[in-house]
Peer 1: 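Questions regarding the structure given below will be posed in turn.
Everything numeric in this text was worked out from a predicted model, so none of it was measured. We count residues from 1, following the sequence as given.
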Amino acid sequence: MNKKTILQIAIDGPAGAGKSSVARAVAQRLGILYLDTGAMYRALTWQALQKNVDFADTDALTHLAWETSVTFDMDTHRVLCDNTDVTEAIRTPRVSEHVSAVAAVPGVRARLTELQRNVASEHPIVLDGRDIGSSVLPQAPVKIFLTADLHQRAQRRQKDLNEQGLTTTLNQVAQDIAVRDEKDSSRATAPLTQAADAVLIDTSDLTLSEVVEEVLALVRRVAP
């Protein structure tokens, strides 16, 4: 990789595959920025709920995307929506229920993709999401697609919810994830998909540190 080229690491995959944990750890090890693009869509979904926007109204959602400020504290990884800290609020089941509908709106994706590319053009960075390698940064030199079996992903998601004080059954979590997988994979605009040149890593039986080491090994091959 040309030394003048800014390092971009794209990590994609379905819910519960470990994207955020891996991306954050990789960024920390490399001393570069981390951007959770999924949190941007969740923040906008939270905002739509606050303003009672109809999730079937694509024009209203697009307008909301252009008028809402979604920012990150790169040091603490806190998520701000119009200067309100929504880090925990965007992880609730109510937001999860509607985020796929928001993410499927072409105008919303155009706006948030623009913001994501702007950040990635200025700093060495790790981005995680569902369409980073395939759509947002197709030129990224390092592309990874993380996956795991549904049971493992549901267990991880249930643990996250429990830590937020939210109680739900494993079966319900698995069902919710399966529904979201289908919505994200079948949407017309920038669907969840593995880029042709992305490296597939199944995290089902791997620890976080093992996955991080695999990703770092890939980075070293591109930028030794």
Peer 1: Counting neighbours of CD on E210 that are heavy atoms of other residues, nucleotides or ligands and sit closer than 6.0 Å, is the number greater than 12?
Peer 2: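 Correct, the count exceeds 12.
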
Peer 1: Tell me yes or no: between the side chains of R42 and S96, is some donor less than 3.5 Å from an acceptor?
Peer 2: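 Short answer, yes.
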
Peer 1: Given R109, which of T189, D131, T62 fulfils the side-chain hydrogen bond (donor to acceptor under 3.5 Å, both in side chains) condition?
Peer 2: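 The residue from T189, D131, T62 that satisfies side-chain hydrogen bond (donor to acceptor under 3.5 Å, both in side chains) with R109 turns out to be D131.
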
Peer 1: Determine, step by step, whether I125 and Y34 satisfy the side chain to side chain contact (heavy atoms under 4.5 Å, CB included) criterion, reporting the C-alpha distance in whole Å, the side-chain angles of both residues, the deciding distance to 0.1 Å, and the verdict.
Peer 2: CA-CA 6 Å; I125 197 168; Y34 160 61; 6.0 Å; no

Peer 1: Quick check: does any side chain N or O of S121 sit under 3.5 Å from a backbone N or O of N118, one acting as donor and the other as acceptor?
Peer 2: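 Yes, because the side chain of S121 sits within donor-acceptor range (under 3.5 Å) of the backbone of N118.
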
Peer 1: With rounding to the nearest 0.5 angstrom, report the CG to CD distance, L49 to E97.
Peer 2: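 Atom-to-atom, L49:CG and E97:CD are 8.5 Å apart.
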
Peer 1: Can you tell me how far CZ of R91 sits from CH2 of W46, rounded to the nearest 0.5 angstrom?
Peer 2: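 Output value for this atom pair is 14.5 Å.
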
Peer 1: Of the non-hydrogen atoms in I6 and P124, which two are nearest, and what is the gap between them?
Peer 2: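 Answer, listing the atom of I6 first, then P124: CG2-N, 3.4 Å.
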
Peer 1: Quick one: are the ring centres of H77 and F72 less than 6.0 Å apart?
Peer 2: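 Not under 6.0 Å, so no.
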
Peer 1: Between the side chain of T37 and the main-chain N/O of D128, is any donor-acceptor distance below 3.5 Å?
Peer 2: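 Checked: pair present.
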
Peer 1: Go through R180 and R130 one step at a time and tell me if the side chain to side chain contact (heavy atoms under 4.5 Å, CB included) criterion holds.
Peer 2: CA-CA 12 Å; R180 186 168 181 201; R130 283 164 170 71; 3.4 Å; yes

Peer 1: I'd like to know if E213 pairs up with R29 as an ion pair, taking the criterion as any Lys NZ or Arg NE/NH1/NH2 lying under 4.0 Å from an Asp or Glu carboxylate oxygen.
Peer 2: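 Salt bridge: yes.
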
Peer 1: How close do T113 and Y41 get, counting heavy atoms only, and between which atoms?
Peer 2: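 T113 and Y41 have their closest heavy atoms at OG1-OH, 4.3 Å.
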
Peer 1: Just by distance, with hydrogens left out, do T169 and N171 show a side-chain donor and acceptor under 3.5 Å apart?
Peer 2: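 There is no such pair (donor and acceptor under 3.5 Å, judged by atom type) between the side chains of T169 and N171.
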
Peer 1: Using a distance-only test with no angle check, is there a side-chain donor-acceptor pair under 3.5 angstrom linking R157 and T168?
Peer 2: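 No donor-acceptor contact under 3.5 Å links the two side chains.
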
Peer 1: If you measure only the distance, is there a donor-acceptor pair under 3.5 Å linking the side chains of Q47 and D82?
Peer 2: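 Per modelled atom types, Q47 and D82 side chains form a pair under 3.5 Å.
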
Peer 1: Can you see which heavy atom on G133 is nearest to which on D12, and at what distance?
Peer 2: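 Here G133 and D12 meet closest at N-OD2, 2.8 Å.
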
Peer 1: Nearest 0.5 Å, please: how far is CG in D149 from CD in Q155?
Peer 2: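 Here the rounded value is 8.5 Å.
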
Peer 1: Here's a test for you: under side chain to side chain contact (heavy atoms under 4.5 Å, CB included), which of V70, T87, T71 qualifies with L80?
Peer 2: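 Among V70, T87, T71, the one that satisfies the side chain to side chain contact (heavy atoms under 4.5 Å, CB included) with L80 is T71.
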
Peer 1: Please answer: with hydrophobic residues joined when any side-chain heavy atoms are less than 4.5 Å apart, are V173 and L166 in the same cluster?
Peer 2: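 Cluster IDs for V173 and L166 match.
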
Peer 1: Taking all heavy atoms of V86 and all of A43, pick out the closest pair and write down the distance.
Peer 2: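 So the minimum-distance heavy-atom pair works out to CG2-CB, 4.3 Å.
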
Peer 1: Taking the side chain from S21 and the backbone from G18, do they hold a donor-acceptor pair closer than 3.5 Å?
Peer 2: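 No.
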
Peer 1: One pair to check against side chain to side chain contact (heavy atoms under 4.5 Å, CB included): I132 and I11. What are the steps and the verdict?
Peer 2: CA-CA 7 Å; I132 308 304; I11 300 180; over 6 Å; no

Peer 1: To the nearest 0.5 Å, how far apart are CZ in R156 and CG in L161?
Peer 2: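 That separation rounds to 14.5 Å.
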
Peer 1: Looking at S186, is its backbone amide N or carbonyl O close enough to the side chain of E182 to form a donor-acceptor pair, meaning the two atoms are under 3.5 Å apart?
Peer 2: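 Side chain of E182 to backbone of S186, a donor-acceptor pair under 3.5 Å: no, none is there.
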
Peer 1: Using the rule that two of Ile, Leu, Val, Met, Phe, Trp, Tyr join whenever any of their side-chain heavy atoms come within less than 4.5 Å, decide whether V219 and L208 are in one cluster.
Peer 2: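 Yes, one cluster joins them.
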
Peer 1: Can you name the one residue among D176, D160, D181 that meets salt bridge (charged side-chain N to carboxylate O under 4.0 Å, His left out) with R153?
Peer 2: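 Among the candidates, only D181 passes.
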
Peer 1: Working to the nearest 0.5 Å, report the span between NE2 of H123 and CG of L35.
Peer 2: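 It is 10.5 Å, given to the nearest 0.5 Å.
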
Peer 1: Less than 4.0 angstrom from a charged side-chain N to a carboxylate O is my criterion; do E114 and R111 meet it?
Peer 2: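 Answer for the salt bridge query: yes.
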
Peer 1: In terms of hydrophobic clusters joined by side-chain contacts under 4.5 Å, are V222 and I201 together?
Peer 2: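 Hydrophobic grouping puts V222 with I201.
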
Peer 1: Check for me, please, whether V179 and L150 land in the same ILVMFWY cluster - side-chain distances under 4.5 Å, paths through other members count.
Peer 2: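 No, V179 and L150 fall in different hydrophobic clusters.
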
Peer 1: Side chains of Q139 and Q8: donor-acceptor distance under 3.5 Å anywhere?
Peer 2: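 Note: Q139 and Q8 side chains meet the donor-acceptor criterion.
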
Peer 1: Any chance you could measure L146, atom CG, to E214, atom CD, to the nearest 0.5 Å?
Peer 2: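 Answer rounded to 0.5 Å: 9.5 Å.
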
Peer 1: Decide whether V136 and F145 are clustered together by the hydrophobic rule: side chain heavy atoms of Ile, Leu, Val, Met, Phe, Trp, Tyr closer than 4.5 Å, transitively.
Peer 2: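 No, it is not one cluster - the side chains of V136 and F145 are not joined through contacts under 4.5 Å.
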
Peer 1: From the options S135, S185, S134, select the one residue that forms a side chain to side chain contact (heavy atoms under 4.5 Å, CB included) with T193.
Peer 2: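 Exactly one candidate clears the test, S134.
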
Peer 1: Over all heavy atoms of both residues, which pair between D184 and S100 is shortest? Give the atoms and the distance, please.
Peer 2: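 Heavy atoms only, the tightest pair is OD1-OG, 2.9 Å.
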
Peer 1: Between L30 and L216, is the side chain to side chain contact (heavy atoms under 4.5 Å, CB included) condition met? List the steps.
Peer 2: CA-CA 8 Å; L30 294 174; L216 291 174; 3.8 Å; yes

Peer 1: What is the minimum heavy-atom distance between L192 and R187, and which atoms define it?
Peer 2: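 Heavy-atom minimum between the residues: N-NH2, 4.2 Å.
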
Peer 1: Counting distance only, does the side-chain N/O of K19 pair as donor-acceptor with the main-chain N or O of G13 below 3.5 Å?
Peer 2: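 Confirmed, K19 side chain pairs with G13 backbone.
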
Peer 1: Determine yes or no for a side-chain-to-main-chain donor-acceptor pair under 3.5 angstrom, with T203 supplying the side chain and L206 the backbone.
Peer 2: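 Side chain of T203 to backbone of L206: no pair is present.
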
Peer 1: Quick one: which of D73, D85, D36 gives a salt bridge (charged side-chain N to carboxylate O under 4.0 Å, His left out) with R78?
Peer 2: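 Single pass found, and it is D85.
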
Peer 1: Would you confirm whether T68, through its side chain, and L44, through its main-chain N or O, come within 3.5 Å as a donor-acceptor pair?
Peer 2: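 No, because the side chain of T68 does not come within donor-acceptor range (under 3.5 Å) of the backbone of L44.
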
Peer 1: For D205, is the CG atom crowded, meaning more than 12 foreign heavy atoms sit under 6.0 Å from it?
Peer 2: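 12 or below, so no.
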
